Amino acid sequence: MERKEILEVKNLSVSFQMYDKGLRQKELQVIRDLNITVHEGEILAIAGASGSGKSLLANAILGILPLHASVKGTMKYRGESLTLERQRKLRGKEIALVPQSVGYLDPLMKVGKQVVGVNGSKDRQREVFARYGLGKEVEQMYPFQLSGGMARRVLIATAMISNAKLLIADEPTPGLSTEMAKETMGHFRDLAKEGRGVILITHDIDLAFAYADRVAVFYAGTTVETAPASDFRKGPSALRHPYSKALWEALPQNGCKPIPGTQPYAGNLPSGCLFAPRCPYRTEACETTIPVRQIRGGEVCCNHAT
Ligand code: SF4
């Protein structure tokens, strides 16, 4: 059965007006031609190095980019355009962020009260806490009193208080033990099983490959490949883009093979394929705009992918 699409982001670009020298202004495009879709019941992992645009995408979906940002392209939530007005209405209700750490919580307020926030009720908070095995005593605790595992569950509860249909988890696992990271991923899987869509933004590529349904690989602010997570588990021969293959090969269990060079800075991008300066397969054809192609059940932005 085909899953219904919850979110579609197409050709998204985000730029910022910056001051160059003196009072001269220039536009810095940090995300370009970025595409993702999220379906009901699905975990979509977004993988890529720092500065690849992962967190900025989360802010664009939630409508919380800084005022000097300019956004182009289309974003649709359940088939309807995600305008700023609609983002305001849905944020924290249908579309919710799972905060990254307890640093997000007010250290001077008891967690029960914080989770209730402006959209919840005491009954709902207790229902959500019970779901995550958080007893009544946790309501009365301050953030600093939470153990690591409790904190993780409280953070998921802050997103779940409103029964959101689309959850965005931005780096939910750094600092967690392997066991705790697995437990957190298990919570996201349960939420997906209930028909919600989960966007998992992560540096932890291993975890993304193991727990997601699909993986979108970002590089220098654009999507280079989106494919079933099972392809990432199989390895390079199942993947399509040279950068995805390089990410796989850079994992410790696959030999820690480094990629020469660095991801380009938004203000100094090469023309054509953004990965070209590091790509062993580049040809002249890679210096032009690279179209997105559908190959073997995935999408790839590479001239020579087969
Ligand atoms: S388009 Fe060319 S340079 Fe870019 S990843 Fe593909 S082969 Fe490499």
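Residue numbers count from 1 along this sequence. None of these values were measured; they are calculated from a predicted model. Excluded from the calculations below are hydrogen atoms, water molecules and symmetry mates; all remaining heavy atoms, backbone and side chain alike, are included.
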Task: Verdict with supporting geometry, Arg126 and Glu139, salt bridge (Lys or Arg N to Asp or Glu O under 4.0 Å) - done: CA-CA 9 Å; Arg126 289 205 167 139; Glu139 289 172 15; 2.6 Å; yes
Task: Electrostatic pair Arg153-Glu183, nearest N-O below 4.0 angstrom - done: yes
Task: Pro99 versus Thr158, closest heavy-atom pair with distance - done: CD-OG1, 3.4 Å
Open item on the list: Checking side-chain contact (heavy atoms from CB on, under 4.5 Å) between Cys301 and each of Thr289, Leu274, Ile290, Asn35, which is the one that passes?
Closed with: Ile290
- [ ] Using a 4.5 Å cut-off on heavy atoms from C-beta on, say whether the side chain of Pro107 contacts that of Tyr142.
- [x] no
Open item on the list: Check Arg189 with Asp213, please: is the shortest side-chain N to carboxylate O separation under 4.0 Å?
Closed with: yes
TODO: May I ask you to test the Ile201-Ile168 pair for a side-chain heavy-atom distance under 4.5 Å?
DONE: yes
- [ ] Could you grab the distance from atom CG of Leu166 to atom CD1 of Ile95, nearest 0.5 Å is fine?
- [x] 5.5 Å
- [ ] Would you check, one step at a time, whether the test side chain to side chain contact (heavy atoms under 4.5 Å, CB included) holds for Leu200 with Leu44?
- [x] CA-CA 6 Å; Leu200 170 70; Leu44 173 79; over 6 Å; no
- [ ] Please find out if less than 6.0 Å separates the ring center of Phe275 from that of His241.
- [x] yes
Open item on the list: For residues Ile295 and Tyr243: do they belong to one hydrophobic cluster (side chain heavy atoms under 4.5 Å, members Ile, Leu, Val, Met, Phe, Trp, Tyr)?
Closed with: no
- [ ] Please name the residue in the list Lys93, Arg86, Arg88 that meets the side-chain contact (heavy atoms from CB on, under 4.5 Å) test with Leu90.
- [x] Arg86
TODO: Just do the side chain to side chain contact (heavy atoms under 4.5 Å, CB included) check on Gln253 and Asp206 with the steps written out, would you?
DONE: CA-CA 10 Å; Gln253 66 271 34; Asp206 246 354; 2.7 Å; yes
TODO: Decide side chain to side chain contact (heavy atoms under 4.5 Å, CB included) for Val154 and Leu134; before the verdict, give the C-alpha distance in whole Å, the side-chain angles of both, and the deciding distance to 0.1 Å.
DONE: CA-CA 8 Å; Val154 166; Leu134 297 163; 3.9 Å; yes
TODO: May I have the step-by-step check of side chain to side chain contact (heavy atoms under 4.5 Å, CB included) for Arg91 and Ile64, ending in yes or no?
DONE: CA-CA 9 Å; Arg91 188 166 58 233; Ile64 52 170; 3.8 Å; yes
Open item on the list: As an exercise, state the distance from OH of Tyr211 to CD1 of Ile43, rounded to the nearest 0.5 Å.
Closed with: 10.0 Å
Open item on the list: Could you go through Asp33 and Thr222, starting from their C-alpha distance and side-chain angles, then the distance that decides it, and tell me whether this counts as side-chain hydrogen bond (donor to acceptor under 3.5 Å, both in side chains)?
Closed with: CA-CA 6 Å; Asp33 297 328; Thr222 196; 5.3 Å; no
Open item on the list: Give me the atom names and distance for the closest heavy-atom approach of Ala164 to Ala159.
Closed with: CB-O, 4.0 Å
Open item on the list: Under 4.5 Å between side-chain heavy atoms, counting indirect links through other Ile/Leu/Val/Met/Phe/Trp/Tyr residues: same cluster for Tyr219 and Trp248 or not?
Closed with: yes
Task: Side-chain donor-acceptor pair present, Arg214, Thr37, cut-off under 3.5 Å - done: yes
Task: Salt-bridge present (Glu194, Arg131; N to O < 4.0 Å) - done: yes
Task: Output field: ring centroids His304/Tyr281 closer than 6.0 Å - done: no
- [ ] Considering only NZ, NE, NH1 and NH2 on the basic side and carboxylate oxygens on the acidic side, decide whether Arg78 and Glu40 come within less than 4.0 Å.
- [x] yes
Open item on the list: If you define the side chain from C-beta out and look only at heavy atoms, does anything of Lys76 sit under 4.5 Å from Leu82?
Closed with: no
Open item on the list: Would you compute the distance between atom CD of Gln114 and atom CG of Leu105 and round it to the nearest 0.5 angstrom?
Closed with: 4.5 Å
TODO: Taking the side chain as every heavy atom from C-beta outward, state whether Asn11 and Lys72 have any atom pair closer than 4.5 Å.
DONE: no
TODO: Show the numbers, then the answer: is there a side-chain hydrogen bond (donor to acceptor under 3.5 Å, both in side chains) between Glu94 and Tyr77?
DONE: CA-CA 10 Å; Glu94 288 205 29; Tyr77 174 74; 2.6 Å; yes
Open item on the list: Nearest 0.5 Å, please: how far is OG in Ser101 from CG in Leu155?
Closed with: 7.0 Å
TODO: State, to 0.1 Å, how close Val115 and Ala157 come at their nearest heavy-atom pair, and which atoms those are.
DONE: CG1-O, 3.9 Å
TODO: Determine the minimum heavy-atom distance between Val38 and Gly197, stating which atoms define it.
DONE: CG1-CA, 4.0 Å
Task: Over 12 foreign heavy atoms within 6.0 Å of CD, Glu284 - done: no
Open item on the list: Tell me whether Ile205 shares a hydrophobic cluster with Ile199, the cluster being built from Ile, Leu, Val, Met, Phe, Trp, Tyr side chains joined at under 4.5 Å.
Closed with: no
TODO: Look at Asp231 together with Arg240 and state whether they make a salt bridge at an N to O cut-off of under 4.0 Å.
DONE: yes
- [ ] Find the distance between OG1 (Thr202) and CG (Asp170) and round it off to the nearest 0.5 Å.
- [x] 9.0 Å
Open item on the list: Checking Ser244 against Glu225: is there a side-chain donor and acceptor pair closer than 3.5 Å?
Closed with: yes
Task: Where Ala229 and Ala208 come nearest, the two heavy atoms and their spacing - done: CB-O, 4.5 Å
Open item on the list: Contact between Phe144 and Val102 at the side-chain level, heavy atoms closer than 4.5 Å - yes or no?
Closed with: no
Task: Shared hydrophobic cluster, Leu65 / Met75 (ILVMFWY, side-chain heavy atoms < 4.5 Å) - done: yes
Task: same_hphob_cluster(Val111, Ile161) at 4.5 Å side-chain heavy-atom cutoff - done: yes
TODO: Kindly give the heavy-atom pair with the smallest separation between Pro291 and Asn303, and that separation in Å.
DONE: CD-OD1, 4.2 Å
TODO: For residues Arg124 and Asn163, determine if any side-chain heavy atom of one lies less than 4.5 Å from a side-chain heavy atom of the other.
DONE: yes
Task: Contact check, side chains of Phe209 and Leu251, non-hydrogen atoms, under 4.5 Å - done: yes
Open item on the list: What's the separation between atom OG in Ser13 and atom CZ in Arg32, rounded to the nearest 0.5 Å?
Closed with: 8.0 Å
Open item on the list: Can you confirm whether Leu56 sits close enough to Val30 that some side-chain heavy atom of one is under 4.5 Å from a side-chain heavy atom of the other?
Closed with: yes
